[in-house]
**Q** 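First the structure, then my questions, so here it is.
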Amino acid sequence: MEPKKKQERAIVHLEKDGKHYYYGNLKALTDHWDKDAIGVSYTYLKNLNISEDKPYRNDKCIIRRGVIITSPNKSNKS
């Protein structure tokens with residue numbers, strides 16, 4: 001039996017007005033926040049190489065991309 005591995009998933013972190021919000025991708029973030037609210041558009045963000053070490057910053061928010069580690073799924077026993 002092969003050992004279960006932890007799953008890693010991409011996450012986008014928005015810091016705005018001292019609050020923290022988490023999204024599965026940039027599109028989900030920009031579907032929830034418009035350009036006026038965060039000061040940047042989806043089209044612009046998708047062309048940047050955003051990471052934990054290289055966040056996008058402006059006077060309205062900070063956007064980082066990272067990884068969330070989850071426990072492995074339990075397999076059903078037959």
Side-chain angles (χ1 to χ4, degrees):
M1 179 184 247
E2 194 174 310
K4 295 180 182 178
K5 296 180 182 178
K6 291 184 179 180
Q7 296 181 7
E8 292 186 3
R9 296 190 177 140
I11 191 165
V12 177
H13 171 232
L14 170 67
E15 185 175 340
K16 179 170 176 41
D17 301 325
K19 295 183 181 177
H20 301 266
Y21 305 91
Y22 302 91
Y23 299 91
N25 55 46
L26 288 171
K27 182 70 173 134
L29 183 151
T30 56
D31 284 349
H32 190 260
W33 298 91
D34 66 17
K35 183 179 177 181
D36 292 333
I38 60 173
V40 65
S41 69
Y42 170 72
T43 305
Y44 186 80
L45 286 173
K46 74 178 183 177
N47 291 315
L48 298 177
N49 189 18
I50 299 171
S51 67
E52 285 182 72
D53 298 335
K54 188 182 167 197
Y56 170 80
R57 296 174 188 263
N58 65 21
D59 59 337
K60 295 184 178 187
C61 71
I62 301 171
I63 300 171
R64 296 176 181 89
R65 186 175 281 159
V67 174
I68 187 168
I69 299 172
T70 63
S71 295
N73 291 335
K74 293 181 181 179
S75 62
N76 295 331
K77 294 183 180 179
S78 302

**Q** Using 0.5 Å steps for rounding, measure from the CD1 atom of I62 to the CD1 atom of I38.
**A** 13.0 Å

**Q** How are the rings of Y22 and H13 set relative to one another: parallel (under 30°), tilted (30 to 60°) or perpendicular (over 60°)?
**A** parallel

**Q** State, yes or no, whether a side-chain contact exists between L48 and I63 at a heavy-atom distance under 4.5 Å.
**A** no

**Q** Keeping N25 on the side-chain end and K27 on the backbone end, is there a donor-acceptor pair under 3.5 Å?
**A** yes

**Q** Just so I know, are the side chains of H32 and Y21 near enough to count as touching, which here means a heavy-atom distance under 4.5 Å?
**A** no

**Q** For residues E8 and I69, report the shortest heavy-atom separation together with the two atoms involved.
**A** CG-CG1, 3.9 Å

**Q** Roughly how far, to the nearest 0.5 Å, is the CZ atom of R9 from the CD1 atom of I68?
**A** 8.5 Å

**Q** Establish whether I11 and L26 are linked, either directly or via other cluster members, by ILVMFWY side-chain heavy-atom contacts under 4.5 Å.
**A** no

**Q** Anything under 30° is parallel, anything over 60° is perpendicular, the rest tilted; go ahead and classify Y44 against Y56.
**A** perpendicular

**Q** Does atom NZ of K60 have more than 12 heavy-atom neighbours from other groups under 6.0 Å away?
**A** yes

**Q** Taking all heavy atoms of I50 and all of P55, pick out the closest pair and write down the distance.
**A** CG2-CA, 4.3 Å

**Q** At their closest point, which heavy atom of A37 faces which heavy atom of K16, and how far apart are they?
**A** O-NZ, 2.9 Å

**Q** Testing the basics here: between L14 and C61, what is the closest heavy-atom pair and its distance to 0.1 Å?
**A** CD1-CB, 3.6 Å

**Q** Tell me the closest heavy-atom pair linking E52 and V67, and the distance in Å.
**A** OE2-N, 4.2 Å

**Q** Which atoms form the tightest heavy-atom contact between V12 and L29, and what is the distance?
**A** CG1-CD1, 3.7 Å

